[in-house]
Amino acid sequence: MVSSTNAQVVAGRLPLVVGNWKMNGTRVNCVELLAGLRAAGPFDAEISVCCPFPYLADVALSLQGSGIGWGAQDCSEHEPGAYTGEVAAVMLAEFGCRHVIVGHSERRVYHAESDIQVADKARMALSHGLTPIVCVGETRSEREAGSTEVVVKRQLSAVIHALGHCVSQIVVAYEPIWAIGTGLTATPHQAQAVHAVLRAQLSAASTRAGEMRLLYGGSVNAVNAQELFAQPDIDGALVGGASLKAADFSAICRVASHVALGSTGKSRT
Ligand code: PEP
């Protein structure tokens with residue numbers, strides 16, 4: 001259950017944990033996983049699950065009335081039309097999606113998505129009532145070259161340029177590529193430093209930047225989540241591998257719930 005009385009709600013930054021199933025699961029085991037997640041709830045943080053497109057109807061049915069949201073992992077930057085293989089944002093809205101991930105590094109790398117294309121996807125999602133979760137992040141070599149800040153600012157800047165002050169309606173996920181699926185997590189200090197840079201950049205574009213949720217993603221589990229979520233500019237997580245097991249994912253959701261309830265003593269920037 002989402003509490004409306006805690007400090008984060010007042011600040012407009014209820015912790016958010018989003019599962020990214022990627023191209024995993026079967027029709028049967030995704031329903032089992034969601035039954036386990038429902039049974040582990042309710043949670044005091046906002047929780048959402050981004051599943052493969054073909055499972056959206058089953059996921060919607062499984063999560064209806066649970067308070068847990070659902071969404072997809074990509075959408076087209078175009079309105080419906082002759083774009084074979086693409087899925088339009090308006091179609092996701094038909095399935096009751098709350099979120100859509102855009103610009104995940106696996107899309108940027110394997111499908112050559114550009115910063116501008118990602119920004120156009122975010123705009124399309126917003127125009128159909130979905131909240132885009134815009135992913136940004138650097139490669140290991142970019143970090144080693146000291147260009148993390150330049151890379152993530154360039155990626156976010158395309159979105160700010162496309163959305164203007166509406167940028168406050170998105171969620172940003174900082175996902176260092178070297179930490180995704182590798183078991184290597186950015187230290188809380190490293191992650192917080194990048195989140196602070198992103199929030200400062202957003203603050204220059206919107207007076208509501210202080211209310212925006214910035215998620216961390218990259219090998220998050222229930223143990224490292226505790227310190228990550230305690231950082232002033234980290235408002236939750238985008239979770240890949242650990243979202244595929246109800247017990248692992250719900251343990252992360254519980255950590256976020258403790259933050260939401262104010263039991264961690266976390267302070268906000
Ligand atoms: C992701 O792909 O968004 C992700 C964060 O994956 P993992 O948690 O497995 O690193």
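For reference, positions follow the sequence shown, starting with 1. Heavy-atom basis, side chains included; hydrogens, waters and symmetry copies ignored. Since this is a predicted model, take the numbers as computed values, not measurements.
- In plain terms, the two heavy atoms of Asn224 and Ser219 that are nearest each other are ND2-O, 2.9 Å.
- Taking CG of Asp74 as the reference point, atom NE2 of His104 lies at 11.0 Å (rounded to 0.5 Å).
- The minimum heavy-atom distance linking Ala256 with Pro15 is given by the pair O-CG, 3.7 Å.
- Considering only heavy atoms from C-beta on, Arg143 comes within 4.5 Å of Gln190 through its side chain.
- In this structure, His78 places its NE2 atom where more than 12 heavy-atom neighbours from other residues, nucleotides or ligands lie under 6.0 Å away.
- In terms of modelled atom types and a separation under 3.5 Å, the side chain of Ser147 and the main chain of Val150 share no donor-acceptor contact.
- Residues Leu126 and Leu202 share a hydrophobic cluster, clusters being chains of Ile/Leu/Val/Met/Phe/Trp/Tyr side chains in contact below 4.5 Å.
- Under a hydrophobic clustering in which Ile, Leu, Val, Met, Phe, Trp and Tyr are joined whenever their side-chain heavy atoms come within less than 4.5 Å, directly or via other members, Met91 and Leu56 fall into the same cluster.
- Put simply, the residue from Val159, Leu214, Asp235 that forms a side-chain contact (heavy atoms from CB on, under 4.5 Å) with Val172 is Leu214.
- Following chains of ILVMFWY side-chain contacts shorter than 4.5 Å, one can reach Leu34 starting from Phe53, so the two form part of one hydrophobic cluster.
- Ala89 and His128 get closest at one heavy-atom pair: CB-CD2, 3.9 Å.
- Looking only at side-chain heavy atoms (C-beta outward), Val134 and Val171 stay at 4.5 Å or farther from each other.
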Practice prompt. Check step by step if side-chain contact (heavy atoms from CB on, under 4.5 Å) holds for Ile252 and Phe229.
Written response: CA-CA 10 Å; Ile252 298 170; Phe229 294 177; 4.0 Å; yes

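- Counting heavy atoms of neighbouring residues, nucleotides and ligands inside a 6.0 Å radius, atom CG of Leu184 exceeds 12 of them.
- Under a 3.5 Å cut-off, the side chain of Lys121 and the backbone N or O of Val102 do not form any donor-acceptor pair.
- One distance of note links CG of Asn221 with CD of Gln226; it measures 9.5 Å at 0.5 Å rounding.
- Electrostatic pairing of Arg108 and Glu113 does not count as a salt bridge here, judged by no charged N lying under 4.0 Å from a carboxylate O.
- In the hydrophobic clustering of this structure, Val167 does not group with Ile133; members are Ile, Leu, Val, Met, Phe, Trp, Tyr whose side-chain heavy atoms approach within less than 4.5 Å, directly or through other members.
- Residue-environment remark: CZ (Arg107) exceeds the threshold of 12 foreign heavy atoms within 6.0 Å.
- In this structure, Tyr83 contributes its side chain and Gly85 its backbone to no donor-acceptor pair below 3.5 Å.
- Atom-to-atom distance recorded for Cys135:SG and Glu175:CD is 4.5 Å, nearest 0.5 angstrom.
- Ser76 has its side chain out of reach of Val87: every pair of non-hydrogen atoms, C-beta onward, lies at least 4.5 Å apart.
- Note: Glu149 CD to Leu198 CG = 9.0 Å, rounded to the nearest 0.5 Å.
- Looking only at distances, a side-chain donor or acceptor of Gln231 sits under 3.5 Å from a matching main-chain atom of Glu227.
- Around atom CZ of Arg154, more than 12 heavy atoms belonging to other residues, nucleotides or ligands sit under 6.0 Å away.
- Taking the side chain as every heavy atom from C-beta outward, Pro176 and Tyr216 approach each other to under 4.5 Å.
- Electrostatic pairing of Lys22 and Glu106 counts as a salt bridge here, judged by a charged N lying under 4.0 Å from a carboxylate O.
- Formation of a donor-acceptor pair under 3.5 Å by the Arg254 side chain with backbone atoms of Phe43 is not found in this model.
- For the residue pair Gln192 and Asp233, a side-chain donor N or O sits within less than 3.5 Å of a side-chain acceptor on the partner.
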Worksheet item: side-chain contact (heavy atoms from CB on, under 4.5 Å) between Glu138 and Tyr174: does it pass, once the steps are laid out?
Response: CA-CA 9 Å; Glu138 82 287 4; Tyr174 168 55; 2.9 Å; yes

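- Taking CG of Asp248 as the start and CG of Leu37 as the end, the distance is 11.5 Å to the nearest 0.5 Å.
- Judged purely by atom type and a 3.5 angstrom limit, Arg98 has no side-chain atom pairing as donor or acceptor with the backbone of Leu130.
- The side-chain heavy atoms of Asn20 and Val239, taken from C-beta on, include no pair separated by under 4.5 Å.
- When every heavy atom of Gly25 is checked against every heavy atom of Tyr55, the shortest pair comes out as O-OH, 3.1 Å.
- Taking CZ from Arg38 and CD from Gln64, the interatomic distance works out to 9.0 Å, rounded to the nearest 0.5 Å.
- In this structure the side chain of Leu33 reaches within 4.5 angstrom of the side chain of Trp21, judged on heavy atoms.
- Between Arg199 and Met212 the shortest heavy-atom distance is NH1-O, 2.8 Å.
- Between Pro52 and Gln73 the shortest heavy-atom distance is N-NE2, 3.4 Å.
- The side-chain heavy atoms of Glu46 and Ile68, taken from C-beta on, include no pair separated by under 4.5 Å.
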Worksheet entry | Intermediate values then yes/no, salt bridge (charged side-chain N to carboxylate O under 4.0 Å, His left out), Glu77 and Arg123 | CA-CA 8 Å; Glu77 67 270 39; Arg123 188 172 45 195; over 6 Å; no

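- Within 6.0 Å of NE2 in His189 there are 12 or fewer heavy atoms belonging to other residues, nucleotides or ligands.
- The closest donor-acceptor contact from the side chain of Glu142 to the backbone of Thr148 lies at 3.5 Å or more, if one exists at all.
- Between the side chains of His165 and Ser206, no donor-acceptor pair is found at a separation under 3.5 Å.
- Side chains of Cys97 and Trp70 form a contact here, defined as non-hydrogen atoms less than 4.5 Å apart.
- Following chains of ILVMFWY side-chain contacts shorter than 4.5 Å, one can reach Ile170 starting from Val118, so the two form part of one hydrophobic cluster.
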